[in-house]
There are 2 protein chains.
Amino acid sequence: MEPGERAHSVTIRDVARAAQVSPATVSRVMNRRSTVDVELARRVQQAAASLGYHPSAIAQGLARGRTELVSILVPDLGNPMFQSVLRGISRAAGVEGYRVLVTDSHEMPLEEPFLAQETRLRTDGLVLCSPRSHDQELLELAGKLEPFVLVNRHVEGLLAPTVAVDYAAGIRALVAHLAGLGHRHVAYLSGPMASVSNQQRLDTLHASAEGRFELTVLECGSMHEDGYEAADRALGTGATAIIGYNDLVALGALGKFHAIGVSVPDQVSVVGFDDIAFARYASPMLTTVAVPQEALGEEAWQRLSAVLRGEEPPADVCFTPRLEVRQSTARNPR
Amino acid sequence: MEPGERAHSVTIRDVARAAQVSPATVSRVMNRRSTVDVELARRVQQAAASLGYHPSAIAQGLARGRTELVSILVPDLGNPMFQSVLRGISRAAGVEGYRVLVTDSHEMPLEEPFLAQETRLRTDGLVLCSPRSHDQELLELAGKLEPFVLVNRHVEGLLAPTVAVDYAAGIRALVAHLAGLGHRHVAYLSGPMASVSNQQRLDTLHASAEGRFELTVLECGSMHEDGYEAADRALGTGATAIIGYNDLVALGALGKFHAIGVSVPDQVSVVGFDDIAFARYASPMLTTVAVPQEALGEEAWQRLSAVLRGEEPPADVCFTPRLEVRQSTARNPR
DNA sequence: CGATGTACGGAAAGCGGTTTCACCGATGTG
DNA sequence: CACATCGGTGAAACCGCTTTCCGTACATCG
């Protein structure tokens with residue numbers, strides 16, 4: 001390629017000229033939509049190859065009214081949970097020739113609606129991952145976001161396909177596990193207050209802890225450092241078991257306990273949520289609730305893909321997470 | 001929004017008609033490029049608002065010859081290292097209104113050139129992250145990929161802006177650290193053979209281990225499970241210290257040692273590379289070499305952004321990683 | 001052998017914006 | 001008062017491709 005030659009200087013017209021046919025024919029050859037005389041086709045192929053022609057995706061997008069791009073909006077690209085979902089979508093979409101535009105709202109709920117719209121406008125569809133906005137806001141926004149699918153969030157009255165996780169079931173499994181181990185006082189390291197799934201977990205916790213053990217809730221966050229920072233506060237409440245909002249928080253707590261010489265699970269039990277890859281490799285291996293993260297992404301894509309094809313999307317799905325008992329929980333020492 | 005009304009049915013012409021002006025004027029108002037009579041501007045604004053008009057990003061892209069999208073190609077979206085780079089780029093680009101298209105080559109070097117081109121075609125520029133392709137291939141491809149920047153890889157004779165890490169320095173620091181602790185036999189859990197950075201690490205290891213300790217190389221991989229699986233093999237060689245290709249591998253090994261009751265660092269020292277967030281929260285906290293991952297992404301964006309603006313990009317940068325001595329290394333017990 | 005299909009290829013009209021260009025009336029100047 | 005200047009505006013070309021529409025050539029049929 002000569003210097004100065006802009007990457008996209010060679011257009012369909014150039015190919016047409018070189019092959020002595022009309023642009024329409026070049027288009028036909030490139031898209032194999034309509035039959036073209038074999039001789040012409042050959043000339044076009046050759047001209048295209050020798051000129052290094054690649055159709056402009058933007059122009060195709062405009063003409064076809066479809067970009068083969070989808071957006072995904074996540075609250076935090078730093079969270080392995082969302083990375084896995086992204087990965088699941090990216091893989092599944094890639095197979096069908098779609099690429100993924102990723103936008104991170106940096107846990108700023110107020111920015112979300114704007115970002116969602118903005119990013120949606122650039123693509124054919126949107127995957128909204130654990131949106132932090134209120135139901136009301138999402139309902140109002142829905143029209144402008146369509147087609148989109150919702151991951152990890154259920155909104156009453158919203159027609160969008162949804163793939164979710166039954167967090168309540170996961171929490172109940174966790175509660176039963178800890179109660180079964182004889183724990184009488186449990187601390188919950190709470191996630192972002194704007195997070196609906198945090199709210200759900202809290203509600204379920206309160207309901208199912210009732211009569212089994214005392215529950216103390218501590219504000220924490222969704223990251224390692226939040227768990228690290230909150231760990232000794234949690235211990236200070238007298239709790240013998242700690243439930244992290246997610247694995248990151250639980251692993252952060254684990255790290256802190258290790259650092260200050262508190263033995264897990266001998267002195268205190270710790271559990272997480274999500275079963276990110278690291279949970280299995282932590283020491284001690286983290287007891288947690290396994291959420292099929294990549295599958296969430298994949299199922300999300302299946303639904304979006306169906307809508308894009310104009311088909312009826314598969315029914316909403318709600319994964320029931322599985323308790324993974326590992327080494328970070330033990331019988332109440334007291 | 002009425003059902004059936006396609007998201008983008010309202011065009012600039014509709015707004016123009018409603019505001020009784022020409023499409024050109026609407027465009028001017030929307031872009032604030034040229035001054036427009038305040039009264040007309042008001043009419044346009046109002047018409048746009050009441051119709052719910054949003055300019056089509058695709059049409060703008062075609063007309064302006066620029067999409068405000070950039071691509072990033074990574075070998076493995078499951079690797080925290082690349083996730084961090086992605087995050088760095090996404091943040092930095094977002095500030096300037098650019099969005100990021102992400103493509104995962106799934107550690108398949110043969111697919112890389114195709115994917116790179118394909119994804120590049122859809123955007124204004126490309127960030128190639130740790131490409132696994134051969135120098136020669138990259139050189140040939142360069143013309144078609146421009147503008148692009150190279151992360152984590154240096155290619156002789158390639159004019160593209162590059163942001164890299166001085167892996168050799170990192171390895172030397174690691175070697176000095178382990179030698180200083182009296183280790184006489186070290187095992188290296190090697191990464192993907194296609195990875196150039198793995199090759200560099202190997203070369204540097206061989207060179208700098210010379211005369212200080214015996215070096216055994218074991219084929220491993222780049223993921224947790226690879227490290228987990230290789231850990232006892234490594235121990236079996238009689239090595240008293242283990243260098244993982246990256247933190248994932250090292251953490252996997254840590255997990256295995258914990259599982260089989262081998263004490264780190266008392267019986268064996270383990271070090272990683274990258275300093276992903278989890279390294280700090282592992283137990284024991286992982287000694288590793290800190291690579292400024294998000295900064296890599298950010299610097300990559302600075303360069304791409306400059307090129308996109310038609311400016312001279314900042315000079316290539318090569319970060320010197322910093323040895324992070326934590327708890328997974330100790331004096332040779334033998 | 002004329003009528004009817006069928007297959008193919010080119011002209012041209014979009015897709016939804018941006019931008020050049022020419023025009024207009026209203027200023028500013030000598 | 002004539003003339004250059006200038007901000008504001010619309011018409012139209014254009015970005016690069018797809019797709020409809022139509023004309024042509026040729027094969028098939030009654």
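In the text below, chain A, chain B and the rest are named by the order of the sequence lines, each starting its count at 1. All values below come from the heavy atoms of this structure, side chains included, with hydrogens, waters and symmetry mates left out.
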Please tabulate the protein-to-nucleotide N/O contacts below 3.5 Å involving nucleotides 19-26 of chain D, giving atom names and distances.
from, atom 1, to, atom 2, distance (Å)
D:dT19, OP2, A:R33, NE, 2.9

Is there a donor-acceptor contact under 3.5 Å linking the side chains of B:Q136 and B:E140?
->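 Checked: B:Q136/B:E140 side chains pair up, N/O donor to acceptor below 3.5 Å.
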Can you measure [X] atom [atom1] to [N] atom [atom2] for me and round it to whole angstrom units?
X      : N      : atom1 : atom2 : result
A:M30  : D:dG16 : CE    : P     : 15 Å
B:L40  : D:dG7  : CG    : P     : 17 Å
B:L121 : D:dG16 : CG    : C1'   : 12 Å
A:R42  : C:dG9  : CZ    : P     : 14 Å
A:I12  : D:dT18 : CD1   : P     : 5 Å
B:R17  : D:dG10 : CZ    : P     : 14 Å
B:L62  : D:dT18 : CG    : C1'   : 12 Å
B:L51  : C:dG16 : CG    : P     : 15 Å

State whether A:Q60 places a side-chain N or O below 4.0 Å from either non-bridging phosphate oxygen (OP1 or OP2) of D:dT18.
->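 Yes, such a contact exists.
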Does the side chain of A:S56 get closer than 4.0 angstrom to OP1 or OP2 of D:dG16 through an N or O atom?
->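 False: A:S56 side-chain N/O out of range (4.0 Å or more) of D:dG16 OP1/OP2.
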Name the nucleic acid region contacted by B:I58, choosing base, sugar-phosphate or nothing; use a 4.0 angstrom heavy-atom cut-off, strictly under.
->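 The residue B:I58 makes no contact with any strand.
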Using a cut-off of 4.0 Å on non-hydrogen atoms, how would the nucleic acid contact of B:V21 be classed: base, sugar-phosphate, or nothing?
->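 Counting heavy atoms under 4.0 Å across all strands, the contact made by B:V21 is with sugar-phosphate only.
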Carefully, step by step, assess B:H54 and A:Q117 under the rule side chain to side chain donor-acceptor pair (under 3.5 Å).
-> CA-CA 10 Å; B:H54 290 279; A:Q117 259 188 278; 3.2 Å; yes
In a table with atom names and distances, give each donor-acceptor pair under 3.5 Å that connects a side chain of residues 84-92 of chain A to protein atoms at least two apart or in another chain.
from, atom 1, to, atom 2, distance (Å)
A:S84, OG, A:P80, O, 3.1
A:R87, NH1, A:E294, OE2, 2.9
A:R87, NH2, B:D76, OD1, 3.1

Under the side chain to side chain donor-acceptor pair (under 3.5 Å) test, which residues partner A:R13, sequence neighbours left out?
->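 Once residues adjacent in sequence are excluded, A:R13 has no partner under the side chain to side chain donor-acceptor pair (under 3.5 Å) criterion.
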Would you sort out whether B:T67 and B:T123 count as a side chain to side chain donor-acceptor pair (under 3.5 Å), showing the intermediate values?
-> CA-CA 6 Å; B:T67 60; B:T123 64; 5.8 Å; no
B:Q20 vs B:A59, nearer the 5' end of DNA chain D by closest nucleotide |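 First, find each residue's nearest nucleotide; the 5'-ward one identifies B:Q20.
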Evaluate salt bridge (Lys or Arg N to Asp or Glu O under 4.0 Å) for B:E96 paired with B:R309, printing each intermediate quantity in order.
-> CA-CA 11 Å; B:E96 296 177 36; B:R309 283 194 308 268; 3.6 Å; yes
What is the distance from atom CG of A:D37 to atom OG1 of A:T25, rounded to the nearest 0.5 Å?
->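 With rounding to 0.5 Å, CG (A:D37) is 10.0 Å from OG1 (A:T25).
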Per B:T11 side chain, nearest of listed nucleotides C:dG17, D:dG16, C:dG10 =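 Of all the options, the side chain of B:T11 is nearest to C:dG17.
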